[in-house]
Amino acid sequence: MTQDEAKALVGKRAAQLVEDGMAVGLGTGSTSTMFIKALGERVKNEGLKIRCVASSDASTELGLSLGMDVVTLNVLPELDLYIDGADEVAPGFALIKGGGAALLREKIVASSAKKFVCVVDSTKLVEKLGKFPLPIEVIKMALPLVEKRLSELDLNPKLRMLKDGSGPLLTDEQNYILDCHCGVIENPEETAAEIRNIVGVVEHGLFLGLASMVLVAGEDGVTEITE
Ligand code: 5RP
């Protein structure tokens with residue numbers, strides 16, 4: 001099975017978790033895109049009545065283009081279920097997210113949901129977090145200060161650039177992303193607290209204690225981890 005096939009499989013399985021009448025959070029990234037498309041099919045074919053809040057402009061546009069009712073948290077402040085991917089999943093449901101630069105809105109939407117189900121292919125499972133660079137969203141003005149503080153913590157920050165190299169990437173909230181090439185994160189809680197302490201950091205990509213279930217797609221199909 002290719003990674004894209006695994007993402008499609010787990011996205012489809014996640015769409016089955018959605019029930020009529022639910023308020024649903026839509027994640028961001030290629031796996032979430034598969035989920036949103038599968039959910040859109042259910043809305044169209046089964047007449048599923050749901051309302052959604054998305055964690056990025058891209059997922060909002062995708063949902064709307066599929067005829068889904070996508071509103072803001074102002075309209076729908078409490079969600080039943082949030083489905084989203086991750087860049088790394090370690091034991092205890094410790095996640096790194098933000099590879100798609102949507103970590104801030106993703107954390108807000110995840111925190112507004114009663115249940116966050118993370119959907120990944122098996123390549124995302126790790127014993128310890130940190131091989132994937134840890135994204136940190138930063139207020140533009142504070143970039144030099146935050147870069148300096150993160151370097152002092154040996155987190156090795158690099159400003160994320162646009163793919164064509166024409167300038168720094170801006171998030172949906174018009175902030176910068178610093179990707180920290182820090183290697184293994186031995187104590188994610190401690191690292192999260194140190195990062196949070198830096199003035200100018202808006203949010204970091206360590207998602208700790210937020211997910212309550214992980215669906216993993218691999219050669220044997222989809223496995224449900226509830227721990
Ligand atoms: C976006 C994210 C994504 O969920 C994460 O990057 C995984 O993406 P993909 O499903 O494309 O592998 O956190 O900010």
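Order of listing sets the numbers, starting from 1, for every ligand and every atom in it. Quick note: numbers below take in every heavy atom, side chains included, and nothing from hydrogens, waters or symmetry partners.
- Note: the hydrophobic cluster containing Tyr176 does not contain Val202 (ILVMFWY, side chain heavy atoms under 4.5 Å, direct or indirect links).
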List, one per line, each side-chain donor-acceptor pair under 3.5 Å for residues 146-155, sequence neighbours excluded.
unit_1 : atom_1 : unit_2 : atom_2 : d
Lys148 : NZ     : Glu152 : OE2    : 3.3
Ser151 : OG     : Glu147 : O      : 2.8

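- Near Ala102, meaning under 4.0 Å from any of its heavy atoms, are these atoms of ligand 1: 14 (O).
- Protein heavy atom in closest approach to atom 12 (O) of ligand 1: Lys124 NZ, 2.7 Å.
- In this model, no donor atom of one side chain and acceptor atom of the other lie less than 3.5 Å apart for Asp172 and Ser56.
- If you check which protein heavy atom lies closest to atom 10 (O) of ligand 1, you get Thr31 OG1, 2.6 Å.
- When heavy-atom distances to ligand 1 are checked against a 4.0 Å cut-off, Asp84 comes that close only through its side chain, counted from C-beta outward.
- Taking 4.0 Å as the cut-off between side-chain N and carboxylate O, Glu106 and Lys97 count as a salt-bridged pair.
- Residue Ala86 touches ligand 1 through its backbone alone, judged by heavy-atom distances below 4.0 Å.
- Thr123 and Gln3 share a side-chain donor-acceptor pair at under 3.5 Å.
- Atom 9 (P) of ligand 1 has its closest protein heavy atom at Ser30 OG, 3.3 Å.
- A distance of 11.0 Å separates CG in Asp121 from CE in Met34, rounded to the nearest 0.5 Å.
- Which parts of ligand 1 touch Gly85 is read off a 4.0 Å heavy-atom cut-off, strictly below it: atoms 4 (O).
- The closest side-chain donor-acceptor pair between Thr2 and Asp4, if any, does not fall under 3.5 angstrom.
- Here the straight-line distance linking atom CG of Leu103 with atom CD1 of Ile96 works out to 11.0 Å at 0.5 Å rounding.
- In summary, the atoms of ligand 1 found under 4.0 Å from a heavy atom of Gly99, numbered by their order in the structure, are 6 (O), 13 (O), 14 (O).
- Phe207 carries Lys107 over the face of its six-membered ring, with the cationic atom under 6.0 Å from the centre and within 45° of the normal.
- Checking Lys7 against Ser30 by side-chain atom types alone, a donor-acceptor pair falls below 3.5 Å.
- Closest protein heavy atom to atom 1 (C) of ligand 1: Glu106 OE2, 3.0 Å.
- When non-hydrogen atoms are compared, ligand 1 lies under 4.0 Å from neither the backbone nor the side chain of Ser56.
- Remark: minimum distance from atom 6 (O) of ligand 1 to any protein heavy atom is reached at Asp87 OD1, 2.6 Å.
- Ligand 1 lies less than 4.0 angstrom from a heavy atom belonging to Ala101.
- Applying the 4.0 Å criterion to heavy atoms of Lys7 picks out, from ligand 1, the atoms 9 (P), 11 (O), 12 (O).
- Not one N or O of Gly29 is nearer than 3.5 Å to an N or O of ligand 1, by distance alone.
- At the top of the distance list for atom 3 (C) of ligand 1, counting protein heavy atoms only, stands Thr28 O, 3.2 Å.
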